[in-house]
Amino acid sequence: MSAELRGEAFEPTTELQAFEARLDAGKYGACVSFVGSMRDFNAGDDVSAMSLEHYPKMTLQFLETICEEAKSRWDILDCLIIHRYGDLQPSDPIVLTAAWSAHRHEAFEACRYLIEELKTRAPFWKKETTESGERWVHDAPSTPDS
Amino acid sequence: MSAELRGEAFEPTTELQAFEARLDAGKYGACVSFVGSMRDFNAGDDVSAMSLEHYPKMTLQFLETICEEAKSRWDILDCLIIHRYGDLQPSDPIVLTAAWSAHRHEAFEACRYLIEELKTRAPFWKKETTESGERWVHDAPSTPDS
Amino acid sequence: MSLEVRFFASLREQVGVSEITLDAASIKTVEDVWQLATNGQAIPDNTLCAINMDYVRLDASVKDGDEVAFFPPVSGGSV
Amino acid sequence: MSLEVRFFASLREQVGVSEITLDAASIKTVEDVWQLATNGQAIPDNTLCAINMDYVRLDASVKDGDEVAFFPPVSGGSV
């Protein structure tokens with residue numbers, strides 16, 4: 001089980017491989033992973049850059065907590081969260097969540113739980129750069145599931 | 001959109017990276033992927049090897065059809081299926097399904113649709129080697145979501 | 001009427017045939033194909049069948065040149 | 001009573017303070033902390049607060065040594 005914050009760009013596939021190498025191959029039959037990456041558009045506007053602010057101690061503790069919750073709620077072997085902070089460019093990976101289990105149902109449910117909890121409760125704040133300047137995303141027009 | 005059958009071992013993370021390189025980075029914000037790999041146990045027994053039979057033309061056509069169905073049902077940019085056949089060893093990847101979209105909900109739903117349809121309807125038949133010999137999985141004691 | 005018939009997996013082993021070409025005027029349905037290709041063996045429960053790569057029922061009609069396949073329940077692809 | 005107070009994101013910019021250390025005997029609740037740290041500014045709707053990394057409500061009690069944080073709704077992490 002691992003939750004990490006990264007100040008530099010990361011490559012999700014490399015991270016998945018590295019983490020999987022530590023698992024007991026043959027014991028899991030399913031891995032579900034989610035990668036959220038930066039789009040070059042949001043709420044109808046082009047976005048050229050983004051800065052992601054966080055509250056280091058609280059954010060990391062929160063990510064660790066939801067990993068523990070996922071492990072206690074579903075029969076999974078392991079799970080992983082890696083999350084960026086700082087300055088990002090379009091197409092940069094922002095977040096990776098993944099879960100490994102014997103069967104696919106648990107892996108899907110746990111992976112989805114991690115990203116839903118992270119999205120709705122983790123202390124991160126996005127500031128986007130658009131043609132009309134910078135804006136905090138929580139002040140921007142919201143979209144249902146952006 | 002791509003559906004492929006492979007007679008040799010494949011590395012899911014490498015395939016994901018190669019496929020993503022063809023997509024329009026910045027246009028998708030979410031990628032959900034599922035990797036099913038061979039366990040060394042099933043239905044209470046140790047499994048030392050597996051052979052996966054298919055019906056080449058029909059199986060490929062079926063995989064292409066469910067990719068098209070996923071694209072018509074959800075607002076996704078693209079999706080991918082790669083599936084092994086032939087002789088496999090424990091921990092070998094069997095199947096990769098993945099979906100890319102602007103938002104996470106569509107990517108999760110489409111990825112899950114691909115693997116559920118594949119699992120329940122695609123013409124594949126598993127023959128396992130256990131300590132007591134070979135057995136077809138459809139003849140073995142079933143588990144609810146194995 | 002000429003038909004290509006294929007059997008897969010455990011059904012192939014039970015019937016003892018992988019592929020067979022039938023050439024008979026009397027065949028109307030998929031079930032007729034089974035009878036002729038297996039010399040009248042009973043059809044196991046849950047047998048699936050396809051004509052030209054599409055799932056069909058046992059009472060589906062066949063026509064000249066069709067590829068007819070029989071197989072057991074799928075056990076495919078993943079966990 | 002000594003408290004570390006932190007503001008994040010748009011709230012940090014509005015209040016004009018990133019971190020401040022308070023040392024006052026009169027503080028009882030998180031809302032008291034806000035009042036003293038911001039010189040009585042109004043609390044924006046939807047402001048979130050935490051004591052020692054746990055989400056709490058504005059009427060939660062504080063004690064000596066606590067770290068109190070204020071921030072806007074999270075907009076985190078993914079699509």
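Letters go in sequence order (proteins before strands), and every chain restarts at 1. These numbers come from a predicted model, not from an experiment.
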**Prompt:** To the nearest 0.5 Å, how far apart are OG1 in B/T65 and CE in C/M53?
**Reply:**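 B/T65 OG1 to C/M53 CE: 12.0 Å, rounded to 0.5 Å.
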**Prompt:** Roughly how far, to the nearest 0.5 Å, is CD of B/E53 from OG of C/S10?
**Reply:**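 CD of B/E53 is found 9.0 Å from OG of C/S10.
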**Message:** Please check this pair: side chain of C/Y55 against backbone of B/R121, looking for a donor-acceptor N/O pair closer than 3.5 Å.
**Reply:**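 Yes, because the side chain of C/Y55 sits within donor-acceptor range (under 3.5 Å) of the backbone of B/R121.
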**Asked** Sub-3.5 Å donor-acceptor pair from the side chain of C/S75 to the main-chain atoms of B/K126, do we have one?
**Response**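 A pair under 3.5 Å: yes.
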**Message:** Heavy-atom cut-off 4.5 Å, strictly under: side chain, backbone, both or neither for C/A50 against chain B?
**Reply:**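 When you check distances to chain B, only side chain atoms of C/A50 fall under 4.5 Å.
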**Prompt:** Where does B/S51 contact chain C at under 4.5 Å (heavy atoms): side chain, backbone, both or neither?
**Reply:**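 Contact with chain C: none, neither part.
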**Prompt:** Are side-chain heavy atoms of B/M58 and C/E67 found at a separation under 4.5 Å?
**Reply:**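 No, side chains not in contact.
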**Asked** Any idea which heavy atoms bring C/V74 and B/T120 closest together, and the distance?
**Response**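 That closest heavy-atom pairing would be CG2-O, 3.4 Å.
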**Request:** Check the angle between the aromatic planes of C/F8 and B/W125 and answer parallel, tilted or perpendicular using the 30° and 60° thresholds.
**Result:**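 Aromatic pair C/F8/B/W125 classed parallel.
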